[in-house]
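Note: hydrogens, waters and symmetry copies are ignored here, and every other heavy atom, side chains too, is used.
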Amino acid sequence: MFAKLKAGFRWAIRKAGYDVVSLRTKATHEVKVSDRVCDPFDDLKKFLGRNESIIVLDVGANSGQSIRKFKDAFPHCTVHAFEPSLDVFGKLQNCARDYENVVLNNVGAGSESGKIKFYENLSSDMSSFLEPGEFAWGSVVSTTVRPVVKLDDYCSSAGIKTVNVLKIDTQGFDYNVLLGAKRLIESRRIQLILLEIIFSEMYKDTPEYYKIFEFLHRNRFELVSLYNLHRQNGVLSWADALFINRGLG
């Protein structure tokens, strides 16, 4: 299974015009592959420059960690944050009080609008619309049915014409979020996409990671870099990836 994952990952990276260099570490449960990578926010600042009217969609905002990073990097940006967890949303509200131009939405994002079962994990960064799989950690403490919106519909209702950064960290649900932004993506209205890609069976029924590469490549997005690479049992398990829309400009 892991051999198939590794082969598929290399194929997807090569198709995007890149290759993979092996960085060996001891096989443990969770090991960062390399610290010799830059911060994705450094790259975001290079691409966005001094733009004062940046629009960010922060999907999977958790308790506001990424809001702080966006506001540190781009003090005048407007952030539309999405967090479905009832428990974590209160912490997100506390964080947002420190900033202007932050719009909070206590909902998830997906391929269709509606309601979906949400698995609340003891470790909030593991909570997901997908059930934990073999390589998950923590434990599910509750399940609730939470609302989900399509980003296409949300932006239409909010009058958002262009998105500078779409950030997605939804624990295996990232491809579904992209599908819900299909109209925005196909009409070249998103400049940069920063998302987490899961390669292992951390969640049940996680869409194959190469679908993300295929979908974005087909829509003229180019891979900038991978960040925060982590291994489980000796193979790549998850990483952050930044893509830029080469069809713009």
Residues at least two apart in sequence or cross-chain that pass ring-ring contact (aromatic ring centres under 6.0 Å, His included) with Phe82, listed by chain then number, are Tyr154
Sorted by chain and residue number, the side-chain hydrogen bond (donor to acceptor under 3.5 Å, both in side chains) partners of Thr78 (sequence neighbours excluded) come out as none
Check for me, please, whether Val149 and Val103 land in the same ILVMFWY cluster - side-chain distances under 4.5 Å, paths through other members count. yes
Discussion item. Does Asp174 form a side-chain contact (heavy atoms from CB on, under 4.5 Å) with Ile197? I'd like the steps, not just the answer.
Written reply: CA-CA 7 Å; Asp174 308 76; Ile197 300 179; over 6 Å; no
The reported gap from CG in Asn245 to CZ in Phe221 (rounded to nearest 0.5 angstrom) is 4.0 Å
Sorted by chain and number, sequence neighbours left out, side-chain hydrogen bond (donor to acceptor under 3.5 Å, both in side chains) with Gln65 holds for Asn62, Ser63
| message | Pair Leu104, Glu83 - check side-chain contact (heavy atoms from CB on, under 4.5 Å), show working. | response | CA-CA 8 Å; Leu104 302 183; Glu83 175 52 52; over 6 Å; no
Please check if any side-chain donor atom of Ser237 sits under 3.5 Å from a side-chain acceptor atom of Gln232, or the reverse.
yes
Taken in chain and number order and not counting sequence neighbours, the residues that satisfy side-chain hydrogen bond (donor to acceptor under 3.5 Å, both in side chains) with Ser85 are Glu120
Ring pair (Phe, Tyr, Trp, His ring centres under 6.0 Å) pairs touching residues 86-117, sequence neighbours excluded, are none
Value for NE2 (His217) from CZ (Arg220), rounded to nearest 0.5 Å, stands at 10.5 Å
If we only count heavy atoms from C-beta on, is the Ile67 to Asp98 side-chain gap below 4.5 Å? no
Taken in chain and number order and not counting sequence neighbours, the residues that satisfy salt bridge (Lys or Arg N to Asp or Glu O under 4.0 Å) with Asp58 are Lys167
What verdict does the side-chain contact (heavy atoms from CB on, under 4.5 Å) test give for Leu195 and Phe243, after you've listed the backbone C-alpha separation in whole Å, the side-chain angles of each residue and the deciding distance to 0.1 Å? CA-CA 9 Å; Leu195 78 167; Phe243 293 85; 3.7 Å; yes
Test side-chain contact (heavy atoms from CB on, under 4.5 Å), reference Leu242, set Ile193, Leu223, Leu44, Val165, output is Leu44
Asp43 meets the salt bridge (Lys or Arg N to Asp or Glu O under 4.0 Å) criterion, sequence neighbours left out, with Lys46
Q. Going through the checks in order, is the side-chain contact (heavy atoms from CB on, under 4.5 Å) test met by Arg231 and Leu229?
A. CA-CA 7 Å; Arg231 286 180 174 174; Leu229 281 73; over 6 Å; no
Output for pair (Asp152 CG, Glu186 CD), nearest 0.5 Å, gives 8.5 Å
Contacts of Tyr175 meeting ring-ring contact (aromatic ring centres under 6.0 Å, His included) (sequence neighbours excluded), chain-then-number -> none
Rounded to the nearest 0.5 angstrom, the CG-OG distance for Asn219 and Ser187 is 9.5 Å
Rounded to the nearest 0.5 angstrom, the CD1-CG distance for Ile212 and Leu178 is 6.0 Å
By ring-ring contact (aromatic ring centres under 6.0 Å, His included), Phe41 pairs with (sequence neighbours left out) Phe70
Output for pair (Glu112 CD, Lys150 NZ), nearest 0.5 Å, gives 5.0 Å
Residues joined to Val141 in its hydrophobic cluster, side chain to side chain under 4.5 Å directly or through other members, sorted by chain and number, are Leu122
Could you list the donor-acceptor pairs under 3.5 angstrom formed by side chains in residues 155-164, with sequence neighbours left out?
unit_1	atom_1	unit_2	atom_2	d
Ser157	OG	Asp153	O	3.1
Asn164	OD1	Ile55	N	2.8
Asn164	ND2	Gln191	OE1	3.1

Residues pairing under salt bridge (charged side-chain N to carboxylate O under 4.0 Å, His left out) where one sits in residues 60-72, two or more places apart or in two chains, turn out to be none
